[in-house]
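Index from 1, following the sequence.
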Amino acid sequence: NYDDSNLGTLNRRTVGARVQAKLPLDLALDVELPYQFGTASRKTVIARAAHADLSREFKAVWSPKAVLAYNYASGDRNPADSQNNTFIPLYQAPHDPYGVMDLFRWQNMEEWMAEVSVKPVKSLRLIAATSFFRLAARRDSWYDSAGKKLRTRAAGTADPFVGQEVSLIGK
């Protein structure tokens with residue numbers, strides 16, 4: 001858990017809920033909603049995140065699967081006020097999710113993702129995916145998968161669109 005504030009004053013708590021459901025048409029739904037509260041460097045922590053994905057594996061040759069996902073983690077809209085709104089993930093996310101280039105983590109981000117995969121042989125799954133990334137708050141930083149700040153524009157002039165990743169993976 002990375003926080004660049006004074007760790008002696010850090011008191012951040014995370015609560016949340018997760019739901020998985022099988023829906024009609026063989027659809028699978030996964031939703032996670034964490035919320036953080038507490039204090040950090042004399043600021044009140046109020047941060048949130050959301051994950052939702054909808055997937056379907058088809059009963060056909062090569063077992064094709066399609067996934068649509070959305071990920072959101074709040075950022076600090078006003079670093080000069082008395083609140084810290086930057087969601088800080090509890091665990092690092094190596095590669096998947098949030099792309100495989102390790103340029104993002106569940107912190108001040110919004111991601112839309114689409115993925116299709118096939119299984120041409122029993123021990124191989126081929127996955128093609130694309131993700132579109134935006135900053136949740138322009139005045140907060142863009143954080144890489146380790147929590148390092150890659151770009152900060154405290155004046156709020158940062159373009160919220162950060163980029164797109166396209167990947168082809170064999171597992």
In sequence, state the C-alpha distance, the side-chain angles, and the governing distance for Met113 and Asn71, and then conclude on side chain to side chain contact (heavy atoms under 4.5 Å, CB included). CA-CA 8 Å; Met113 187 274 293; Asn71 291 294; 5.6 Å; no
Nearest heavy-atom neighbours spanning Ala73 and Ala136: O-CB, 3.4 Å
Stepwise, does the side chain to side chain contact (heavy atoms under 4.5 Å, CB included) test hold for Tyr143 with Lys149? CA-CA 5 Å; Tyr143 300 89; Lys149 294 178 181 182; 3.6 Å; yes
Val19, Leu29: one ILVMFWY side-chain cluster at the under-4.5 Å cut-off? no
Could you measure the distance from the CG atom of Leu124 to the CH2 atom of Trp62? Nearest 0.5 Å is fine. 9.5 Å
Report the relative orientation of the aromatic rings in Trp112 and Tyr70; use parallel for angles under 30°, tilted for 30 to 60°, perpendicular for over 60°. tilted
Take a 6.0 Å sphere around NZ of Lys43 and say whether it holds more than 12 heavy atoms from other residues, nucleotides or ligands. yes
Please find the pair of heavy atoms, one from Leu126 and one from Pro120, that lie closest to each other, and give the distance. CD1-CG, 4.1 Å
So CD of Glu32 and CD of Gln20: to nearest 0.5 Å the spacing works out to 9.5 Å
Taking all non-hydrogen atoms of both residues, which atom of Ala47 and which atom of Asn85 are closest, and how far apart? CB-O, 3.5 Å
Would a 4.5 Å heavy-atom cut-off, applied to side chains only, mark Val162 and Leu135 as touching? yes
Without swapping roles, check the side chain of Thr130 against the backbone of Ala114 for a donor-acceptor pair under 3.5 Å. no
Is there a donor-acceptor pair closer than 3.5 Å between any side-chain N or O of Trp142 and the backbone N or O of Leu103? yes
Can you tell me if Asn108 uses its side chain to pair, donor with acceptor, with the backbone of Ala137 under 3.5 Å? yes
With a 4.5 Å heavy-atom cut-off, do Trp106 and Glu111 have their side chains touching? no
Minimal non-hydrogen separation, Ser55 against Val67, with atom names: CB-CG2, 3.7 Å
Quick one: pull up NZ in Lys171 and CD1 in Ile127 and give me the separation to the nearest 0.5 Å. 4.5 Å
Measuring from Asp81:CG to Thr44:OG1, what's the distance to the nearest 0.5 Å? 9.0 Å
Taking Leu54 as the starting point, is it possible to reach Val116 by hopping between hydrophobic residues whose side chains are less than 4.5 Å apart? no
Minimal heavy-atom distance between Pro34 and Thr14, with the atoms involved, is CB-CG2, 4.1 Å
Run the side chain to side chain contact (heavy atoms under 4.5 Å, CB included) check on Arg134 and Phe132 step by step: do they pass? CA-CA 7 Å; Arg134 295 175 47 90; Phe132 295 89; over 6 Å; no
Which residue pairs pass the side-chain hydrogen bond (donor to acceptor under 3.5 Å, both in side chains) test when at least one of the two sits in residues 117-128, sequence neighbours left out? Glu57-Arg125, Ser117-Arg125
Can you measure from CZ (Phe37) to CD1 (Ile46) and round to the nearest 0.5 angstrom? 11.0 Å
With no hydrogens and no angle check, do the side chains of Thr86 and Gln107 hold a donor and an acceptor under 3.5 Å apart? no
Strictly distance-based, threshold 3.5 Å: is any side-chain N or O of Arg56 a donor or acceptor partner for the main-chain N or O of Leu25? yes
Can Val121 be reached from Val118 by stepping across I, L, V, M, F, W or Y side chains whose heavy atoms are under 4.5 Å apart? yes
Approximate separation, where rounding is to 0.5 Å, of Asp76 CG and Arg139 CZ: 8.5 Å
Hydrophobic cluster identity match, Val166 and Ile169, side-chain contacts under 4.5 Å: no
Pairs in or reaching into residues 13-26: which pass salt bridge (charged side-chain N to carboxylate O under 4.0 Å, His left out), with residues at least two apart or in two chains? Arg18-Asp30, Asp26-Lys59
Within the side chain of Gln36, is there an N or O that forms a donor-acceptor pair under 3.5 Å with the backbone of Ile88? yes
